[in-house]
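Heavy atoms only: backbone and side chains are in, while hydrogens, waters and symmetry mates are out. Labels below follow one simple rule: chain letters A, B, ... track the order of the sequence lines, proteins then strands, and each chain is numbered from 1.
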2 protein chains.
Amino acid sequence: MTQTTRRPTRQRRAVAEALATSPEFHSAQQLHAHLQREGTKIGLATVYRALQAMSDDGDVDVVRTDDGESLYRSCSTGHHHHLVCRGCGRAVEIEGPAVERWATRVSDEHGFVDVEHTVEIFGTCQDCAD
Amino acid sequence: MTQTTRRPTRQRRAVAEALATSPEFHSAQQLHAHLQREGTKIGLATVYRALQAMSDDGDVDVVRTDDGESLYRSCSTGHHHHLVCRGCGRAVEIEGPAVERWATRVSDEHGFVDVEHTVEIFGTCQDCAD
DNA sequence: CACTACTTCGATAATGGTTGTCAATCCAGC
DNA sequence: GCTGGATTGACAACCATTATCGAAGTAGTG
Ligand SMILES: [Zn+2]
Ligand SMILES: [Zn+2]
Ligand SMILES: [Zn+2]
Ligand SMILES: [Zn+2]
């Protein structure tokens, strides 16, 4: 929110690259383990901080699993939602203008302001269905 | 899921009643504190277990806040979603046939099976907007 | 190159909602 | 009353996330 100076450090770059190389959702802990394995020296707290910052800037998508874990994925620009596979974590970005209109209409009807919405679809993809 | 024998005990009834008397969402801990205050002797774990069971049976709605807390509310029958006020917790049950159709269509298009979706709208209600 | 005023890092401790443990207790049904 | 499974509750364990805080990096200035 507050436009603080944000320095592009080695660690932040590493997190961004790790996300960019994979189209799936990953948890902060997965990313940390992966980076450590690749030889990148980075602390867990720093991974969380980097992801938090990227999320604030709108550079990553975040979804929350049923057991309360946050998953991060490099983000395309613009507002959209996800169809996520419970098995492999593969995600399909989806858009639904109708849903957007519906959300704003419902909110207006009930006099709600400053409205946000979450729409996530979880399922099992073809590959994981075997 | 597995149709285990489920006994209607004093504690379970207390939780169900506490939920039934209020149309808003409450956390497990809030419910526990409330019951204790009312003189009902019940353990926190039991409250969680009761809510879990009711959730499995589809008798309560569950939403997760941004900070990972689960909120429970007595449920109307049938599939629906919520428009929740961030300030007072008041919830409006909403239905959106169009959204349901859209969700299944998108899932089918991408070959996903065993699909669930979450649609929640958060905002500020008129009373809390002042 | 010093000196300074930041930001950032990372090991570790703390947080906090939730779940597991397990002996004590309840409750049908015999 | 007996018995076996269901249920309870005090407490510990879990675990993702966050806070702490001293150390280390990084401009910018002269
Ligand atoms: Zn899959
Ligand atoms: Zn949307
Ligand atoms: Zn309100
Ligand atoms: Zn729906």
Parallel, tilted or perpendicular, as decided by the 30° and 60° cut-offs, for the rings of A:His117 and A:His81: tilted

Base C:dG20 paired with B:Arg49 side chain (donor-acceptor, <3.5 Å): no

Nucleotide nearest A:Ile42 when distance is taken to its side chain, options D:dT8, D:dT17, C:dG10: C:dG10

Length of the line joining B:His32:NE2 and C:dG16:P, which is rounded to integer Å: 18 Å

Touch class at under 4.0 angstrom, heavy-atom based, for A:Gln29 against every strand present: base

Touch class at under 4.0 angstrom, heavy-atom based, for A:Thr46 against every strand present: base

Rounded distance in Å - CD (A:Gln36) to C1' (C:dC9): 13 Å

Length of the line joining A:Gln30:CD and D:dA16:P, which is rounded to integer Å: 10 Å

Pair A:Arg64 + B:Asp66, salt bridge at N-O below 4.0 Å: no

Under-4.0 Å salt bridge between A:Glu17 and A:Arg13: no

Sugar-phosphate only, base, or nothing, as touched by B:Ser27 at under 4.0 Å among non-hydrogen atoms: nothing

Residue-phosphate contact under 4.0 Å: A:Ser70 side-chain N/O, D:dA16 OP1/OP2: no

Touch class at under 4.0 angstrom, heavy-atom based, for A:Arg12 against every strand present: sugar-phosphate

Presence of donor-acceptor pair under 3.5 Å, side chain of A:Arg7 and base of C:dT7: yes

Check: A:Pro23 main-chain N/O paired with A:Arg73 side-chain donor or acceptor under 3.5 Å: yes

A:Gln36 atom CD, neighbour heavy-atom count above 12 within 6.0 Å: yes

Length of the line joining B:Asp67:CG and D:dT18:C1', which is rounded to integer Å: 12 Å

N/O (side chain, A:Thr9) to phosphate O (OP1/OP2, C:dC9) under 4.0 Å: yes

Length of the line joining A:Tyr48:OH and C:dC9:C1', which is rounded to integer Å: 17 Å

Nucleotide of D:dA16, D:dT8, C:dG17 approaching B:Gln11 most closely (side-chain heavy atoms): D:dT8

Separation of atom CG in A:Leu44 from atom P in C:dT8, rounded to whole Å: 18 Å

Atom-pair distance (NE2 on A:His26; C1' on D:dA16), nearest Å: 18 Å

Whole-Å distance separating the CZ atom of B:Arg64 from the C1' atom of D:dT17: 13 Å

